[in-house]
There are 2 protein chains.
Amino acid sequence: MTRADVNGVTGPADVCSTAMTAPETRNERKERTRRALLDAALRQASERGFAGLSLREIAKQAGVVPTAFYRHFESMDELGVTLVEESMRALRTMIRGARNAPGGSADLIRASVRTLSEHVRSHEEHYWFLVRERYGGTGAVRQTIGVELKLLTGELAVDLARFDGLRTWSTEDLRMLADLIVSAMLATVMELLEARPGSDAEILAAAERKLRLIFLGVPHWRST
Amino acid sequence: MTRADVNGVTGPADVCSTAMTAPETRNERKERTRRALLDAALRQASERGFAGLSLREIAKQAGVVPTAFYRHFESMDELGVTLVEESMRALRTMIRGARNAPGGSADLIRASVRTLSEHVRSHEEHYWFLVRERYGGTGAVRQTIGVELKLLTGELAVDLARFDGLRTWSTEDLRMLADLIVSAMLATVMELLEARPGSDAEILAAAERKLRLIFLGVPHWRST
DNA sequence: ATTTTCAGTGAACGACTGTACACTCAATCT
DNA sequence: AGATTGAGTGTACAGTCGTTCACTGAAAAT
């Protein structure tokens, strides 16, 4: 067995196991293996944390011998960087989606929370990875995520400044508000990840109410 | 060298290094070594996470040979359980302190935030451990902390029910409010841990303002 | 048709892990 | 004074880990 069943990633995911194995070009095969390695790594990192990654297990799960790993990544660290970038891109995509979606502020809170939950559900491993490494990680990975999160919080603060009751707020207060919202939503993400998917509705309802409560206070804030 | 300089835990922490090494009873020595092992483990876990603990490094840092570890703990898992219990006890102590401290609600928010920061600063390693394992941990440790945190949130909800504007709130809404407060304070703890100690004042000021904003919304909440 | 390229292979390395066992020797008990 | 206990020691084992190296063989380039 040198070609068949490779990159099957534990399961019957591969089509055409005996018949013609698809006329793949060499680059296509390489890219496919690279993705298999990344997928395996992301799954493992979302379960046991980045520090608990094992090159050998990643390779095994990708259907490849350990040393083949180095044909795609110079070292484990490079894999880590790629993983962080990929997960952050997913997160940014979601934020952008929530920002541009509704237009009318009729029920912006409900729409945003819904966007959040849908994105978390369709990228669970990415979010597990981000949350895990944000708090549990070591050194560079944690800091990178922290910086990026601060950046996103800053963008949120700018967005908030365009709302009716917030136009007169100082940037410092806007930042505080954005911080509060982000930490509440981060806790919501954690709840979603830990809950069995059935109880999404309650979690989202609670998240909505938290945001509503926060914005109830806004008109009565005496800016410093 | 069989006795001198043991349990010094890297540093000039030991008194009487050459002269009479204190008339310690056997149980006292045992307890001292046990503590040295726990301290070393906590420090390492707060830096590299519980999963990154190394029995050999713990023993080395405690000034003891690796196998001596088993005179104090049956396995690494037992050490982990002890660490969780100890850290949770520290956390509960703080919560209780913040609850009983002020009496007059003159500036309860400021007092509570101050209590929080002081306790975090004097138990940094415990808090690092808790935050790390809450999010980054695996299996039993993470779940234990999660359950305990939910319990503390529930207690906070009960406490909140006794305040003026909150007496008519449903338990569900109180729970939501407590959740929001806890997640905001958890984010504050994280900020404190990551910041260099000089910038505590700003972090605490921001934390205060977040709580004030939340409570500004309370009078206008229409309970569901 | 021949040469070149290179993803994937398999053995081997040195360093690390948790744990088991037989040992020493001073504090404690009888 | 003598026997017992038990914290701490040193060696050893089987298992991980990331990484290196020379290799094979089919696809791509000539």
Side-chain angles (χ1 to χ4, degrees), chain A residues 1-9 14 20-38 40-41 44-45 48-83 138, chain B residues 1-9 14 20-38 40-41 44-45 48-83 138:
Chain A
M1 185 280 254
T2 45
R3 284 276 308 281
D5 210 49
V6 159
N7 301 146
V9 192
D14 55 332
M20 46 172 268
T21 359
E24 272 179 323
T25 174
R26 199 136 90 152
N27 289 348
E28 285 171 344
R29 268 200 69 77
K30 170 152 187 178
E31 182 53 31
R32 198 159 71 105
T33 301
R34 190 186 139 94
R35 264 257 59 90
L37 286 168
L38 279 171
Q44 279 183 43
R48 283 173 297 165
F50 178 73
L53 278 185
S54 156
L55 184 150
R56 296 173 125 94
E57 284 200 36
I58 291 172
K60 188 189 292 180
Q61 209 167 98
V64 137
V65 97
T67 53
F69 177 90
Y70 293 96
R71 299 289 170 202
H72 304 272
F73 302 97
E74 207 182 81
S75 66
M76 282 291 283
D77 286 344
E78 194 190 309
L79 197 240
V81 172
T82 309
L83 239 45
T138 304
Chain B
M1 185 275 257
T2 46
R3 284 275 308 282
D5 211 48
V6 159
N7 301 147
V9 193
D14 54 332
M20 47 172 268
T21 0
E24 272 179 322
T25 174
R26 201 135 90 151
N27 287 348
E28 283 171 344
R29 269 199 71 76
K30 170 152 189 178
E31 182 52 30
R32 199 159 72 105
T33 302
R34 191 186 138 94
R35 264 257 59 87
L37 286 167
L38 278 171
Q44 278 183 44
R48 283 173 297 165
F50 178 72
L53 278 185
S54 156
L55 183 150
R56 294 173 125 94
E57 284 201 36
I58 292 172
K60 189 190 291 181
Q61 210 167 98
V64 137
V65 98
T67 51
F69 177 91
Y70 292 98
R71 298 288 169 201
H72 304 272
F73 302 97
E74 205 181 82
S75 67
M76 282 290 284
D77 287 344
E78 194 190 309
L79 198 238
V81 172
T82 310
L83 238 46
T138 304

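In what follows, every heavy atom counts, from backbone to side chain, and hydrogens, waters and symmetry copies are set aside. Computed from a predicted structure; not experimentally measured.
Contact annotation: B:Thr33 reaches the phosphate of D:dG8 (side-chain N/O to OP1 or OP2, under 4.0 Å). For the pair B:Tyr70 and C:dA20, the criterion of a side-chain N or O lying under 4.0 Å from OP1 or OP2 is not met.
Rounded to whole Å, the distance from CZ on B:Phe69 to P on D:dT9 is 15 Å. For the pair B:Ile58 CD1 and C:dT17 C1', the interatomic distance rounds to 12 Å; values are reported in whole Å. Rounded to whole Å, atom P of C:dA7 lies 14 Å from atom CD of A:Glu74. Between the NZ atom of A:Lys60 and the C1' atom of C:dG8 there is a distance of 17 Å, rounded to whole Å. If you take CZ of A:Arg26 and C1' of C:dC6, they are 5 Å apart, rounded to a whole angstrom. Atom CG of A:Leu37 and atom C1' of C:dA7 are 11 Å apart (whole Å). In this entry the distance linking CG of A:Asp77 with C1' of D:dG18 reads 11 Å, nearest Å. Rounded to whole Å, atom P of C:dA7 lies 7 Å from atom CZ of A:Arg71.
For the salt bridge (charged side-chain N to carboxylate O under 4.0 Å, His left out) test, no residue two or more places apart in sequence or in another chain qualifies with B:Arg26.
Here the closest heavy-atom approach between residue B:Ile58 and residue B:Leu37 is recorded as CG2-O, 3.6 Å. Of all heavy-atom pairs spanning B:Phe73 and B:Arg34, the tightest one is CE2-NH1, 3.4 Å.
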Nucleotide-resolved protein contact map, nucleotides 10-17 of chain D, B/S/- at heavy-atom distance under 4.0 Å: BBB----B
task: Output, in order, the C-alpha distance, side-chain angles, deciding distance and verdict of side-chain contact (heavy atoms from CB on, under 4.5 Å) for B:Leu83 and B:Glu78.
output: CA-CA 9 Å; B:Leu83 238 46; B:Glu78 194 190 309; over 6 Å; no
- request: Any chance you could lay out the side-chain contact (heavy atoms from CB on, under 4.5 Å) test for B:Val65 and B:Arg56, step after step, and finish with the verdict?
  value: CA-CA 8 Å; B:Val65 98; B:Arg56 294 173 125 94; over 6 Å; no
task: Decide side-chain contact (heavy atoms from CB on, under 4.5 Å) for A:Phe69 and A:Leu79; before the verdict, give the C-alpha distance in whole Å, the side-chain angles of both, and the deciding distance to 0.1 Å.
output: CA-CA 10 Å; A:Phe69 177 90; A:Leu79 197 240; 3.9 Å; yes
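We find that B:Arg48 and B:Glu57 are joined by a salt bridge, their nearest charged nitrogen and carboxylate oxygen being less than 4.0 Å apart.
Of the candidates D:dG8, C:dG18, C:dA7, the closest approach to any side-chain atom of B:Arg29 belongs to D:dG8.
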